[in-house]
Amino acid sequence: MGNGATIADGKTADPPAPETLIYRRGTDGKLLLVGVMYRYDDRQGEPPEIAGPYTRWHTHEFCVGSDGRRIKGMHRHGEACPSGAQERESGSMMHVWFVEEDALRRAYARRPPVRALEEYQESLS
């Protein structure tokens, strides 16, 4: 769930005000902040390449039931939505993962770079 105030602020990839904080549960059971997610209003056109070649804006497809709610666990990945449901596409988003300084490619990965996150967390201990 994102922060409604920053989602509606009209800013794109504002470092002190990301739309979503991303946490990972550590081996001790505590939640650790491992990244942020920025959203972009696609009605403004193409999202900006704020990180040059490392910028990785993307969307997700999902299914919505007849009640208008997202069907949890139903990520499309090429599969048809269940009968009565409709396919939708999210707005553009970009993740920025907290990894070691020289890992820009992994910092902007679309999926969590689990090993890089673990290594960075271990380096903080």
Side-chain angles (χ1 to χ4, degrees):
M1 184 64 77
N3 179 337
T6 57
I7 290 171
D9 68 6
K11 297 178 182 176
T12 300
D14 185 17
E19 285 80 7
T20 303
L21 302 178
I22 305 170
Y23 291 89
R24 180 173 190 266
R25 191 165 304 280
T27 55
D28 60 1
K30 293 181 182 177
L31 290 176
L32 303 166
L33 182 64
V34 296
V36 296
M37 183 177 74
Y38 295 104
R39 296 183 187 183
Y40 180 75
D41 183 350
D42 293 320
R43 295 174 292 189
Q44 298 177 355
E46 289 295 315
E49 290 190 20
I50 59 167
Y54 299 106
T55 305
R56 300 246 174 109
W57 292 102
H58 66 283
T59 61
H60 292 277
E61 294 177 338
F62 56 94
C63 299
V64 174
S66 58
D67 61 359
R69 293 183 178 180
R70 186 175 181 156
I71 300 173
K72 290 188 178 189
M74 188 67 205
H75 300 282
R76 294 249 312 115
H77 301 297
E79 298 176 12
C81 291
S83 179
Q86 296 179 343
E87 179 182 319
R88 298 274 171 83
E89 185 176 15
S90 71
S92 293
M93 64 188 76
M94 177 177 52
H95 309 290
V96 180
W97 305 102
F98 302 153
V99 294
E100 67 273 6
E101 292 177 24
D102 62 341
L104 278 177
R105 184 175 52 83
R106 287 186 293 239
Y108 290 92
R110 292 180 182 174
R111 294 194 177 113
V114 175
R115 187 65 202 135
L117 292 170
E118 290 171 348
E119 289 171 1
Y120 181 67
Q121 290 169 355
E122 289 169 8
S123 75
L124 298 176
S125 302

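- For Glu49 against Thr55, the heavy-atom pair with the smallest separation is C-OG1, 3.3 Å.
- Across every non-hydrogen atom of Tyr40 and Gly45, the tightest pair is CE2-O, 3.1 Å.
- In this structure, CZ in Arg39 is found 11.5 Å from OG in Ser92, a value given to the nearest 0.5 Å.
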Does the side-chain contact (heavy atoms from CB on, under 4.5 Å) test come out yes or no for His95 and Arg56, once each step is laid out?
CA-CA 8 Å; His95 309 290; Arg56 300 246 174 109; over 6 Å; no
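- Not one N or O on the side chain of Asp42 forms a donor-acceptor pair closer than 3.5 Å with the backbone of Gly91.
- Residue Val64 comes nearest to Arg88 through the heavy atom pair CG2-CG, 3.4 Å, listed as atom of the first residue, atom of the second, then distance.
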Give the C-alpha distance, both sets of side-chain angles, the deciding distance and a yes or no for side-chain contact (heavy atoms from CB on, under 4.5 Å) between Glu19 and Met93.
CA-CA 10 Å; Glu19 285 80 7; Met93 64 188 76; over 6 Å; no
What verdict does the side-chain contact (heavy atoms from CB on, under 4.5 Å) test give for Ile71 and Phe62, after you've listed the backbone C-alpha separation in whole Å, the side-chain angles of each residue and the deciding distance to 0.1 Å?
CA-CA 8 Å; Ile71 300 173; Phe62 56 94; over 6 Å; no
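- Follow the hydrophobic side-chain contacts under 4.5 Å out from Leu33 and you reach Met94 in the same cluster.
- What you find for Pro48 and Thr12 is that their closest heavy atoms are CG-CG2, 3.7 Å.
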Side-chain donor-acceptor contacts of residues 22-29 below 3.5 Å, not counting sequence neighbours, with atom names and distances?
{"from": "Arg24", "atom 1": "NH2", "to": "Glu118", "atom 2": "OE2", "distance (Å)": "3.0"}
{"from": "Arg25", "atom 1": "NH1", "to": "Gly29", "atom 2": "O", "distance (Å)": "2.7"}
{"from": "Asp28", "atom 1": "OD1", "to": "Lys30", "atom 2": "N", "distance (Å)": "2.9"}

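- Within 6.0 Å of CZ in Arg69 there are 12 or fewer heavy atoms belonging to other residues, nucleotides or ligands.
- Counting only distance, with no hydrogens or angles, the side chain of Ser90 and the backbone of His60 share a donor-acceptor pair below 3.5 Å.
- Residues that satisfy the side chain to side chain contact (heavy atoms under 4.5 Å, CB included) test with Val36, not counting sequence neighbours, are Pro18, Leu21, Tyr38, Val96, Phe98.
- Going from atom SG of Cys63 over to atom CD of Glu87 covers 7.0 Å, rounded to the nearest 0.5 Å.
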